[in-house]
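Please read the structure below before turning to the comments.
Letters go in sequence order (proteins before strands), and every chain restarts at 1.
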Protein chains: 2
Amino acid sequence: MQSTLSLQTARNAAAPRDALTALDRLGTVVTLHREESLFYEGDVAEYYFKVVTGAVRSCKLLADGRRHVGDFYLPGDFIGLDAESDYIFSAEAVTDTTLVRYSRRSVDALAWEEPKVGQRLLGIARHRLCAARAQMMLLSRKTADERIASFLLGMADRSGDNDHVTLPMTRTDIGDHLGLTIETVSRSLSQLRKDGVIALVNSHEILIRDRDALEELAEAA
Amino acid sequence: MQSTLSLQTARNAAAPRDALTALDRLGTVVTLHREESLFYEGDVAEYYFKVVTGAVRSCKLLADGRRHVGDFYLPGDFIGLDAESDYIFSAEAVTDTTLVRYSRRSVDALAWEEPKVGQRLLGIARHRLCAARAQMMLLSRKTADERIASFLLGMADRSGDNDHVTLPMTRTDIGDHLGLTIETVSRSLSQLRKDGVIALVNSHEILIRDRDALEELAEAA
DNA sequence: CGCCGCATTGAAATTAGTCAATACTCGTGG
DNA sequence: CCACGAGTATTGACTAATTTCAATGCGGCG
């Protein structure tokens, strides 16, 4: 994940010499409180965002309220490349969050002048597509336990720390991301705990005790 | 779907005057028979492809053989943008198929010289991301009947003809695409037929009799 | 201290999956 | 021209996984 992040943070903009730094001048900082929305499904997609601190989730709703969480965006992650003219999901802060906002028009314009920028955008899009394909496999064919195992490993990979995972989101968010109910998520986590595969420090912090077992469950397709 | 297709077919290459035509000179024609593979998951991603005639499916397998069909690619569709260095799925011909093959290196190189090409690539990637998000919603939250309804409408949209849908793939392919078993696919289709929503001309051709009912089922999120 | 939101656990209900039998289609060969 | 057989699809009966409904538990904050 980290490897494909492209646009530097506003903080890093001080370190120039790279075509990408031009981008950072386009960014303005945005802050959101927990549960605030960044944009809504159907809004005109005027901006890209990059998470600096905190966490964001993308949501889609069906008419009767069933919800799907497409992705969780953590520090460094880029939001908005999967929009044609309008946003296709809403984005909400999972916790208090800071982001950098970029005018999509300006970034896109820059992309065609500076090949490096264009390449990075395409690289991010590619990466999101890969993640989306993996998630579709998970949703279409994995069991509840396998989904949870895959999710925990994914979060661990993204968080630097190998066996200590922080889950900023609620069980409902996790369920809506994995196509499960909150109860099933809870039961799977409890089962993994009973089996000694993980330990629950508290409901938002998990220790991976037996990574091999977790990876076997996740079935690295 | 059609609107975002970008690279012209080899056939159209004769009509020049557009930056994109440079691309078509890079293409060579490939033909596949039913069930032949175009490439395998894990192969180095050297080529992009575009379907000219026929149909291709993308597949991912779990260790124990569970299969997921990510997408069906129909004439005009572009294959391969969702690969970083290696292909993340295998691609197989659903029926006898003709494609144009492009060297990825050449296309990518051209993309940074000709902004239009880069824009089109990014446009295709965006479009696939949108489709992937919709599919994740389907897989994570829709019932079997809703999945079938969504799938039929999607195929109808892609095929020009509004109420006559040709399904070149088998029930197994459809099931693996929608996260269902072959039996459930069959039962859902039978139910829709009994309810007068569709008619089955034969097992690969369907008539939409009551589009409103189908759209209500699909719940245009 | 007690409430409120979130999480866990249990028991019943339901959807989709599995196993199994039958039917259809199409191509081949008697 | 019809019969056969392979592959695919449909239908039925039963099973299993997950959801739903319901109750209890836990933790932080006013």
Side-chain angles (χ1 to χ4, degrees), chain A residues 33-35 57 62 64-69 94-96 138-149 151-152 165-195 198-206 217, chain B residues 33-35 57 62 64-69 92 94-96 138-152 165-195 198-206 217:
Chain A
H33 288 112
R34 183 170 174 280
E35 300 298 311
R57 66 173 174 256
L62 290 178
D64 64 0
R66 280 173 284 173
R67 190 179 77 144
H68 168 65
V69 171
V94 171
T95 59
D96 289 354
L138 176 151
L139 292 169
S140 109
R141 289 299 178 216
K142 290 189 182 179
T143 66
D145 289 344
E146 290 164 354
R147 293 180 199 198
I148 294 291
F151 176 69
L152 292 178
V165 187
T166 298
L167 305 173
M169 67 293 290
T170 65
R171 298 289 186 266
T172 303
D173 288 335
I174 297 174
D176 287 346
H177 180 52
L178 300 179
L180 300 170
T181 59
I182 178 177
E183 293 95 332
T184 302
V185 171
S186 191
R187 276 188 256 270
S188 281
L189 287 171
S190 297
Q191 191 57 51
L192 289 173
R193 177 174 48 68
K194 283 172 198 153
D195 296 346
I198 62 172
L200 295 162
V201 179
N202 62 54
S203 67
H204 290 276
E205 287 187 58
I206 282 174
L217 253 182
Chain B
H33 288 114
R34 184 169 174 280
E35 298 299 309
R57 63 171 175 258
L62 290 178
D64 63 1
R66 279 173 284 174
R67 190 178 78 142
H68 169 64
V69 171
E92 301 158 5
V94 171
T95 59
D96 290 354
L138 177 152
L139 291 170
S140 112
R141 289 296 178 219
K142 289 188 182 179
T143 65
D145 290 342
E146 290 165 353
R147 292 180 200 198
I148 294 290
S150 304
F151 176 68
L152 292 179
V165 188
T166 298
L167 305 172
M169 68 293 292
T170 65
R171 298 289 187 265
T172 303
D173 288 336
I174 297 175
D176 287 346
H177 180 53
L178 300 179
L180 301 170
T181 60
I182 177 178
E183 293 94 335
T184 301
V185 171
S186 191
R187 275 187 255 270
S188 281
L189 287 172
S190 296
Q191 191 58 50
L192 288 174
R193 177 175 47 69
K194 282 172 200 156
D195 296 347
I198 61 171
L200 294 163
V201 179
N202 62 53
S203 67
H204 291 275
E205 287 187 59
I206 283 174
L217 252 181

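Two residues are said to be in side-chain contact when any heavy atoms from C-beta on lie closer than 4.5 Å; A:Leu138 and B:His68 fail this criterion. Residues B:Ile174 and B:Met169 meet the side-chain proximity criterion, which asks for heavy atoms closer than 4.5 Å. Put simply, the side chain of B:Leu180 reaches to within 4.5 Å of the side chain of B:Arg147, judged on heavy atoms. Between B:Leu152 and B:Leu192, some side-chain heavy-atom pair lies under the 4.5 Å cut-off.
In this view, B:Arg141 and A:Asp176 satisfy the salt bridge (Lys or Arg N to Asp or Glu O under 4.0 Å) rule, not counting sequence neighbours. Scanning for salt bridge (Lys or Arg N to Asp or Glu O under 4.0 Å) contacts around B:Arg66 gives A:Glu146, A:Glu219, B:Asp64, with sequence neighbours left out. The salt bridge (Lys or Arg N to Asp or Glu O under 4.0 Å) test applied to A:Asp173 returns A:Arg57, A:Arg67, not counting sequence neighbours. Take A:Ile182 and apply the side-chain contact (heavy atoms from CB on, under 4.5 Å) test, not counting sequence neighbours, and it matches A:Arg171, A:Thr172.
Boundaries of the chain B contact region on DNA chain C are C:dA16 to C:dC19, first to last in 5' to 3' order (nucleotide atom under 4.0 Å from a heavy atom).
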Report task. Take nucleotides 11-30 of chain D nucleotide by nucleotide from the 5' end and write B, S or -, depending on whether a protein heavy atom sits under 4.0 Å from the base, only from the sugar-phosphate, or from neither. Result -> BBB----SBBB---------
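In this structure, B:Leu192 places its CG atom 16 Å from C1' of D:dA9, rounding to the nearest Å. B:Leu167 places its CG atom 10 Å from the P atom of D:dA9, with the value rounded to the nearest Å.
Phosphate contact (OP1/OP2 of D:dT8, side-chain N/O of B:His204, threshold under 4.0 Å): absent.
Counting non-hydrogen atoms under 4.0 angstrom, A:Arg66 reaches nothing in the nucleic acid.
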